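Order of listing sets the numbers, starting from 1, for every ligand and every atom in it. This one's a predicted model, so the numbers in the text were calculated from it and none came from an experiment.
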Amino acid sequence: MKKKTKKDTMRALLFLLIFSVVLSWSPTTWAADTKLINPSKLEMFVDELPDMPRVRGFNIQNGVPVSKSITIGMFQKKWKFHRDLPATTVFAFGTSKKVATVPGPTIEALHGVETYVTWQNHLPSQHILPWDPTIPTARPKMGVPTVVHLHGGIDEPESDGYAKSWFTAGFKERGPTWTKKTYRYHNTQHPGNMWYHDHTMGLTRENILAGLIGAYILRHPPVEAPLRVPYGDEFDRPLIVFDRSFYTNGTIYMNSTGHTPSIHPQWHPEYFGNVIVVNGKAWPRMTVRRMKYQFRIINASNSRFFRFFFTNGMRFIHVGSDSAYLARPVRTKKLLLAPSEIAHVIVDFSKSTSDMVILANGAAYPYPSGDPTNDINGKVMRFEINGQHEVDTTRVPPRLMKYPSPDISSASTTRYISMYEYMTPMAMDMPSVLYLNGKSFDDPVTEMPRAGTTEIWNVINLTGDNHPLHIHLGLITALEQTKLVELEEFKECMMMKNDAIECQVSKYARGKRKPVPAHERGWKNVFKMRPGYVTKILVRFSFIHSNASYPFDATAEPGYVYHCHILDHEDNAMMRPLKLIS
Ligand SMILES: *[C@@H]1O[C@H](CO)[C@@H](O)[C@H](O)[C@H]1NC(C)=O
Ligand SMILES: *[C@@H]1O[C@H](CO)[C@@H](O)[C@H](O)[C@H]1NC(C)=O
Ligand SMILES: *[C@@H]1O[C@H](CO)[C@@H](O)[C@H](O)[C@H]1NC(C)=O
Ligand SMILES: *[C@@H]1O[C@H](CO)[C@@H](O)[C@H](O)[C@H]1NC(C)=O
Ligand SMILES: *[C@H]1O[C@@H](CO)[C@H](O)[C@@H](O)[C@@H]1NC(C)=O
Ligand SMILES: [Cu+2]
């Protein structure tokens, strides 16, 4: 296993490690600042839910789909988040400035047909949000650095949007690992839901907050059509959900004073907004027919978890989680989504007992130990159910997609990944830096899986927070979650030695086992790591729908990353390099 480096020891000495339990602050601080909009002043359910522009990722030539090259720009423009909120300056993705939206266009790609995207940066010289030079951050001389990652994509490293492959307007300045202008999306993986978003070193939370996100759907009609789930633009809708706060003049609010300004002048451990936005509108409404709909719900919040439920008790029928279909549908009344997680559900409005239903949110923030939701952030959007019952030929199929079940015996390597929050005495009870395995992003790469293999990762959450872990390229299946007993003793050892084996993790991981919820048992791109638990996951560095090897060199530079998907953590710097070997 990993030996402790001199640097680690130094760090251990430098930081007084305390593990915080709660990072909460009261939402009333928002109202206290009169320049911030009071969310209760924004009438709910007045804006129609937009369907973002759809951009096809393939051409049809003589009746046959062929690959396509598209250009998507990032533009600064104005966006109306609510009827009564002045237009907000945002960063928006679009095929032109005029049609750019927040979120950006939904890219619809076809299995087996490559999509090439030239991501162009048209952003001005200054960022619209405050940022922090004391965390490891891209630092061009001028301009806003950006780089785009396709979350859930199984693609070559050169097109994966490595954090240091950023570029500014006109590709004028480029990060140290920048390789090319046009990204290649192979689309050879299983069908399902992905999303694209900025991934710039130290600025991901800012660039996403400013609007740089969008949905990417990979379809495979020969295997999906027989399912006969609801389809077509009307009945198949991405819902991208995030939280933001605004000044009364419409400007996006981000605190420009850090929680420990002497260490980090601007950085905060978690961003929470008090306005819930779906597809770019605050608390929108959608008129639906008494039929089944397919929703691809993407949580694009920086830090907010959502526990969705319908106020009339209607159920979600899960057909997929993150990018992959489940083996069988799972019916639930509640749906907990971590940042960056995707719930792929069918909702049958013919089963509704009312003409109107609110999609609500009951997740505490920070999740799970923070403040409860209230009347305002506890609501998400409203569905208005119109008309009579109609003939609906779509269905909820009894079986969905069968992918190989996790096979522990096939695992080639076992790793231990520990999550730490470091505090300095100055930071009081707030973390000043978060790390994976006690290492910074620039420490030499330690995770080097072989392409085509499956590994076991034991993820040890030693913090008070639930950290959604995202591994680029690989797919995750959670095997078990075991509570750590005598946690303080174990933490103490880990703080000194940073070595799970030496600290006899197996001796401590013998508490209660928490079953993995049925709708999260498939192959996922993100899994929530419960605080105080060891979560054993299988990580697969190969396709799940076939035994073919990757149609690209996964070992190429600059490699991949894995990280916590609470963006404020990822930026400071709960992210590590991941280098595949052959
Ligand atoms: C909006 O108000 C905030 C807070 O007063 C201010 O900092 C910002 O410059 C204003 N933005 C515009 C576009 O007026
Ligand atoms: C901004 O953060 C600082 C430091 O944590 C805090 O004192 C202040 O209240 C915050 N401002 C708002 C409006 O929440
Ligand atoms: C969305 O994701 C963020 C960050 O990953 C997470 O903190 C938040 O709880 C999630 N919200 C929902 C509704 O899933
Ligand atoms: C992949 O290989 C395994 C073991 O040889 C086999 O059982 C499985 O059917 C193969 N899967 C596909 C999709 O060909
Ligand atoms: C890390 O996440 C926080 C927040 O959910 C939990 O409170 C901790 O219990 C968890 N720690 C582990 C080890 O999972
Ligand atoms: Cu985290």
Task: Nearest protein heavy atom with distance in Å, relative to atom 5 (O) of ligand 1 - done: Lys35 CD, 3.1 Å
Task: Ligand-residue contact atoms, ligand 2 with Tyr253, heavy atoms, under 4.0 Å - done: 11 (N), 12 (C), 13 (C), 14 (O)
Task: Check: Asn249 N/O within less than 3.5 Å of ligand 1 N/O - done: yes
- [ ] Check whether any N or O atom of Thr251, backbone or side chain, sits under 3.5 Å from an N or O atom of ligand 1, and answer yes or no.
- [x] yes
TODO: Look up atom OH in Tyr196 and atom CG in Leu212, then write down how far apart they are to the nearest 0.5 Å.
DONE: 9.5 Å
Task: Donor + acceptor pair across side chains of Thr88, Lys78 (<3.5 Å) - done: no
Open item on the list: We want to know whether His472 and His563 form a side-chain donor-acceptor pair, criterion being a heavy-atom distance below 3.5 angstrom.
Closed with: yes
Open item on the list: Would you call the rings of Phe441 and Tyr162 parallel, tilted or perpendicular, taking 30° and 60° as the class edges?
Closed with: tilted
Open item on the list: Closer than 4.0 Å and a protein heavy atom, does any atom meet both conditions relative to atom 2 (O) of ligand 1?
Closed with: yes
Open item on the list: Please confirm whether Gly258 approaches ligand 2 to less than 4.0 Å, judged on its heavy atoms.
Closed with: yes
Task: Electrostatic pair Lys164:Asp442 at N-O distance under 4.0 angstrom - done: yes
Open item on the list: Does only the side chain of Phe272 get under 4.0 Å from ligand 2, or the backbone, or both, or neither? Count heavy atoms.
Closed with: neither
